[in-house]
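Okay, structure first, notes after.
All figures in this text were calculated on a predicted structure; none of them were measured in a lab.
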Amino acid sequence: MSQAQAAPVPAPAPAEAPRAEAPVVSLRTGPRHRWRFHRVGGLDQVSLETADDLRQLPDLDQKLWVALSCPVKGLELDARTLELLDVDRDGRVRVPEIVEAIRFCDVRLRDLALVLREGDTVALADVNDGTPEGAAWLAAARRVLGHRGKPDAERVTVEDVADLSKVFDGTVFNGDGIVTPDATDDADLRQVLVDAIACVGGEKDRGGTEGLTAARVEKFYGDLAAYAAWWRAGESRPDVMLLGERTAAAVEALRAVRAKVNDWFVRCGLAAIDPRGAAVLNRTEAEYAALAAKDLAGATAEVAGFPLARAAPGRALPLDEVNPAWAGAVDALRREVLAPILGDDVQELTAAAWARVQGALAPADAWYAEMAGGSVAKLGRARVEAILAGPGRAGLEELLARDKAAEPMAKAIGDVARLVHYRRDLFRLLRNFVSFTDFYDPNMPAIFQAGTLYVDGRSCELCVRVEDAGAHATAAAPSRMYVAYCALKRPGASMNVAACVTQGDSDYLTAGRNGIFYDRQGRDWDATVVKVLENPISIRQAFFAPYKKFVRLVEDNVARFAAVKAKASDETVAGAATTVTETATGQKAPPPAPPPADIGKTVGIVAALGVGIGALGTLFGGFVSGFMNLQPWWAKIVAVGGVVLLISGPSMLIAWLKLRQRTLGPILDGTGWAVNGRVKVNIPLGASLTGRALLPAGAHRSLADPFEDVAGRRNRRISWLVILLFVAALAAARWYHVWPFRLKV
């Protein structure tokens, strides 16, 4: 698990590093840098030992970098450091971003070699105040230390920059590009800010107060101008401004209830066609009963679904007797539309009057549909015109300019956190990116190693986090490694890992096996193998594989033979049961007629068996005779070795070829890395990545097992003795020319 993520640094991200298609080119001049490489695991890797090595990394051919990119999640490196390195926020750290991080440290530190040494603090004395970047960093660092209550401190620690969100507490201009109503004492300008936030929305500044950015100010005044122009265009048309200033409110009231009123008049029309449908059009008694069983105060939606009023042929809409859910909208319609057009004493609405009202407001409705700057409509035309005529925009732009003036300090405060994190973690990332030094160091696990899996008497050190076992298995297939995919669980958390098994055998390492996983923080997880990617694990496994297959074949045949015998026994028992039943009932079923004996076939079978046994005996005798005649004595040992090699050789050869091809690249590629070098996992390296269960050096082991199967051991010894005596007898018979079998052709 990665370390706990610190709170976000309240500073805008630096300019994006260029995502170069070609290798990054250094601008340094002078003698060519002499690189040092070291070979480990068959891979040539660059050694990063001096500050000049770091400065010259842009000149190092990217084909010599072991990795070209890595994800920012799922690594054993501080998540905040990886977030700071990922300047383009694409979830990956790439070569240009690594180079930019080194340049960032170089212009701020007196000695870039500080990055090569362990430590999680930056001393103020180590910062180069002779560069603009270094001077700005020092000023920001002192401000951070002052905020932390340590104005006289000489070092900035990781804890000091863990949460910088409160550094600007009490300041209204903090360089975040957001101005809040608290930024001005002018009441009119403050009200403009409040109105603008209400119309176009605001964004929270570093202090958590909502304010306006330059983009939102631009949108607000754009909407104001558009709304005012829309109003002016409508004012020039008498048919639109039928009700003057109240036209907009009338259109809103009409739109709110128009569909429901139209629905009611249609129902009345249908009732006029056939009065028998009036009951259904007004909803059934059962529907009213179901509604009555509910809390009608909370069933607004269900009530609103019922008709506006009781529908009847030719009936006018009674404005005082409407569905309670629509009473407010109908009152607004009467006040804003019907009274100005039909008269103040209107009590009901006929179909003809309704058609007249809609026709009168049709031009205004069409104009209203073309409203521009709708976000500021809530302010009303008078307020819109007042804001446009006032000095508010100039005031807002002045506030934004004052906030922008504080941006360098805000950026420098963010850079304080960046430098402290880079000083602690950058070199470790380089040891797992430019080279894989940590991976080949037995005392320092790589950042992609998630922990250790204990399962089937082994400990697997090469475990990487995966999201989808199936997708990763497809990507990891070319790695030629045996991979066990495990689902991990602990209270409140779960994850998946791919564990590479590089020692032992796979006889019992199958889906469903349980184990324990320890992450890099020492926490234990319940592990269950859910999938395996099969490949040879070791030469030792390949040596015994043919014999294990032979034993399994024998066991399978014995099991089939036993099944046949069991079936025959069942048939015998069934026959006996039939006999008992017949005896008890006194009725005997006639026995089935036996099949006619085929004497010729029986003789042929016996003859074939005799010939086969004779041939096998002669062949075996020939082997024994030839083995006994081998001279000198060591030739017999060579012959036995040859037989063993003939049996196990092909399996061992295939395993050896595949083990030579084992590589880490596809394993990491499946997790989001772009591995550039051919990171081979040879046999010695594989032996170091998976530990087997071995007794400690100097341990005493007692062979007295109280539960040992003594009888079984004695029977096995007797069986082996009988076999040896039989082989010796056959050899002696062949030696003294008394071999009883002859193969006749």
Value rounded to 0.5 Å, distance of [atom1] in [X] from [atom2] in [Y]:
X      : Y      : atom1 : atom2 : value
Leu462 : Thr690 : CG    : OG1   : 7.5 Å
Met495 : Leu488 : CE    : CG    : 5.0 Å
Arg662 : Tyr482 : CZ    : OH    : 13.5 Å
Leu48  : Gln56  : CG    : CD    : 12.0 Å

Can a donor-acceptor pair be found, under 3.5 Å and without considering hydrogens, that links the side chain of [X] to the backbone of [Y]?
X      : Y      : result
Asn128 : Arg108 : no
Arg480 : Ala477 : no
Tyr422 : Leu84  : yes
Thr81  : Leu77  : no
Arg190 : Thr184 : yes
Asp403 : Asp176 : yes

Under 3.5 Å, is there a donor-acceptor pair linking the side chains of [X] and [Y]?
X      : Y      : result
Thr157 : Asp160 : yes
Arg458 : Tyr454 : no
Asp205 : Thr180 : no
Thr121 : Arg155 : yes
His421 : Asp78  : yes

Query raised in the report: Only one of Asp53, Thr50, Asp59 forms a side-chain hydrogen bond (donor to acceptor under 3.5 Å, both in side chains) with His33, so which one is it?
Result: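 Exactly one option meets the side-chain hydrogen bond (donor to acceptor under 3.5 Å, both in side chains) with His33, and it is Asp53.
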Ion pair [X]/[Y], N-O distance below 4.0 Å:
X      : Y      : value
Asp120 : Arg423 : no
Asp415 : Lys411 : yes
Glu397 : Arg393 : yes
Asp44  : Arg39  : yes
Arg92  : Asp90  : no
Arg94  : Glu97  : no

Query raised in the report: How are the rings of Phe448 and Phe439 set to each other: parallel, tilted or perpendicular (split at 30° and 60°)?
Result: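 Tilted, since the angle between the ring planes falls between 30° and 60°.
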Report task. Please determine if Arg490 forms a cation-pi arrangement with Trp525, meaning its NZ or CZ atom is less than 6.0 Å from the six-membered ring centre and no more than 45° off the ring axis. Result ->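 The answer is yes, since Arg490 meets both limits relative to Trp525.
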Would you call [X] and [Y] a side-chain contact if the rule is heavy atoms closer than 4.5 Å?
X      : Y      : result
Leu145 : Pro151 : no
Pro71  : Trp673 : yes
Val46  : Leu60  : yes
Leu124 : Val156 : yes

Query raised in the report: Considering all heavy atoms of both residues, which atom of Lys404 and which atom of Pro408 are nearest to each other, and what is their separation?
Result: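 Closest heavy-atom pair between Lys404 and Pro408: O-CD, 3.8 Å.
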